[in-house]
Amino acid sequence: MRILFSSFPQHGHLLPLFPLARAFQQRGHEVAVLTAAGMAPVVAAQGLELLPAGPLPDVLFAEVARRTGGDPASAPTPDSVAEFFAGARVDLTVDEAFAVTEGWQPDLVVSEACDFVGPLVAARTGTPVATLAFGPPLPPVFTEAMEGRARTQHETRGLSWQPRRWLLDTWPASMRADEWQQPEGWLPLRPEAFQVPGETATKLRTSTRPRVLVTFGTWFSDPEKLSPLLRELSTLDADVLVTLGLAAKPEEFDVDRERIEFVGFTPMEDLLDGVDVVVTHGGAGTTSAALKKGVPLVVLPQGADQFFQAERVAAAGAGIALDPPSQTPRTLTEAVQTVLEDATFRDNTTTIAKEIAAMPDANEVAATLEAGL
């Protein structure tokens, strides 16, 4: 069969698709990834075919600002988020998407939860859709706004709106809100920390002291914001390891280099062994990777959907959430110290890790989807 994976062109959206894409490929199917050409190196490293369409996020942010004056990253509102994912992105991507998929008739489209280009391709070809969700469910006010905008995009192009057939959910049960109800077509899918097949794992130096991993994802590692936090963290009797993401450089941080170790963009799978606490912005991928390894968190959400992850981490006792304006160097250091000293956080994340380990893996889910086609 032919399986088309479709994603918004950003690491946090694209990477969660790869385990299932590789599983389908290993099961003998033809797999392609529909996203922006700028993500080509990331897709190629997975050994997957790229069908390039649409611009990268910087162009989309500028277009949303021009259309609405809003910023869906730092100040997300239902309208700005809907315009970003289901408005501007669709308008600037879908014609290219139709062109590159012409003649590539998929048997299944797997679309991440904020991608509305893949479902348009599916509607055009009469293909069933599986939606892959990462992180906790977004509040209905956001999902309804995005779906409403997406429906309009289908109508504008003379395509019938078709609901997804499956929802692939990577969020563990104990992290859900009490009011959660199982959607139609729901299938659990074990989250996997990002890794590059065939690459040798990064070797970190060993230490007898606690290790604190500070990771603010690919785009939120602002040296000006992080430097005061890192300077205070370095006063702890702990090793502090900091990921740089894709934009920052070590020399841009005003810190004591003898107390802080920096690493470039590195798969989370290579970083989490031996870590005692993760300090993070609360991206869904980072949060899931830490929980899968049983590592408690201190979450400092910066924007986008990170506040939802932070709230769930705190509610489950898997760590401490610090919302603005509580994200001060002293408050962060106190929170890290608390998580290191209170075994309850580690016990809770260990329980969640066992729950995640019991979820169906990508190969099992691929087989279920095959059987349903």
Side-chain angles (χ1 to χ4, degrees), residues 12 15-16 19-20 113 132-138 167-183 186-195 204 209-215 217 238-239 241 267-301 305-323 332 334-365 368:
L15 303 188
L20 186 59
L132 191 148
F134 47 88
L138 295 176
L167 176 66
L168 313 180
D169 187 358
T170 63
W171 198 241
S174 59
M175 296 289 290
R176 299 191 193 111
D178 292 340
E179 62 271 17
W180 180 84
Q181 295 183 349
Q182 181 173 307
W186 178 82
L187 289 175
L189 169 63
R190 186 190 308 164
E192 295 184 26
F194 172 65
Q195 54 186 311
L204 302 174
R209 302 195 304 173
R211 171 168 284 160
V212 179
L213 173 64
V214 181
T215 175
D239 294 326
L241 177 67
M268 289 295 293
E269 187 68 25
D270 297 349
L271 296 176
L272 285 166
D273 287 337
V275 167
D276 296 281
V277 59
V278 172
V279 175
T280 178
H281 63 316
T286 300
T287 303
S288 293
L291 294 173
K292 183 173 182 285
K293 289 282 190 176
V295 182
L297 304 104
V298 175
V299 186
L300 291 74
D305 61 342
Q306 297 153 24
F307 290 92
F308 308 132
Q309 269 84 250
E311 186 275 331
R312 287 290 87 207
V313 166
I320 295 174
L322 300 175
D323 289 340
L332 170 60
E334 291 174 349
V336 170
Q337 192 71 55
T338 298
V339 172
L340 288 173
E341 294 175 352
D342 188 344
T344 303
F345 293 105
R346 172 68 69 168
D347 292 342
N348 290 339
T349 52
T350 298
T351 299
I352 295 169
K354 292 178 181 178
E355 181 185 334
I356 292 173
M359 296 168 69
D361 66 16
N363 186 64
E364 293 173 284
V365 171
T368 299

Give every residue pair that meets the salt bridge (Lys or Arg N to Asp or Glu O under 4.0 Å) criterion with at least one member in residues 278-288, sequence neighbours excluded.
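Residue pairs with at least one partner in residues 278-288: there are none.
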Once you round to the nearest 0.5 Å, how far does [atom1] of [X] lie from [atom2] of [Y]?
| X | Y | atom1 | atom2 | value |
| --- | --- | --- | --- | --- |
| Thr368 | Asn363 | OG1 | CG | 9.5 Å |
| Arg312 | Met175 | CZ | CE | 7.0 Å |
| Leu213 | Asp239 | CG | CG | 12.0 Å |
| Glu364 | Asp361 | CD | CG | 4.0 Å |

Do any N or O atoms from the side chain of [X] and from the backbone of [Y] form a donor-acceptor pair under 3.5 angstrom?
| X | Y | value |
| --- | --- | --- |
| Thr280 | Leu300 | no |
| Gln309 | Thr287 | no |
| Thr350 | Arg346 | yes |
| Arg211 | Val275 | no |

Who pairs with Asp305 by salt bridge (Lys or Arg N to Asp or Glu O under 4.0 Å), at least two apart in sequence or on another chain?
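Expected list: none.
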Name all residues meeting the salt bridge (Lys or Arg N to Asp or Glu O under 4.0 Å) criterion together with Arg190; count only those two or more places apart in sequence or in a different chain, and write none if there are none.
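So Arg190 forms no salt bridge (Lys or Arg N to Asp or Glu O under 4.0 Å) with any residue.
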List in chain and number order the residues that pass side chain to side chain contact (heavy atoms under 4.5 Å, CB included) with [X], two or more places apart in sequence or in another chain; answer none if no residue qualifies.
| X | result |
| --- | --- |
| Pro19 | Arg22, Glu192, Ala362 |
| Thr338 | Ile320, Phe345 |
| Ala358 | none |
| Asn348 | Thr344 |

Taking every non-hydrogen atom, the tightest pair across [X] and [Y]:
| X | Y | answer |
| --- | --- | --- |
| Pro210 | Leu340 | CB-CD2, 4.1 Å |
| Val365 | Pro188 | CG2-O, 3.5 Å |
| Thr349 | Gly294 | OG1-O, 2.9 Å |
| Ala316 | Ile352 | CB-CD1, 4.3 Å |
| Leu272 | Ala289 | CD1-O, 3.4 Å |
| Thr170 | Gly135 | OG1-N, 4.1 Å |

Qualifying residues under ring-ring contact (aromatic ring centres under 6.0 Å, His included), relative to Phe134, sequence neighbours excluded:
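Result, ring-ring contact (aromatic ring centres under 6.0 Å, His included) vs Phe134: His13.
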Quick check: do [X] and [Y] have side-chain heavy atoms less than 4.5 Å from each other?
| X | Y | result |
| --- | --- | --- |
| Thr286 | Met268 | yes |
| Trp171 | Pro191 | no |
| Ser174 | Thr351 | no |
| Leu297 | Val339 | no |

Pairing residues for [X] by the side chain to side chain donor-acceptor pair (under 3.5 Å) criterion, not counting sequence neighbours:
| X | result |
| --- | --- |
| Glu341 | Gln337 |
| Trp186 | Asp169 |
| Thr215 | Thr243 |
| Asp273 | Lys293 |

Answer yes or no: are there more than 12 heavy-atom neighbours, outside Gln182 itself, under 6.0 Å from its atom CD?
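Result for CD/Gln182: enclosed.
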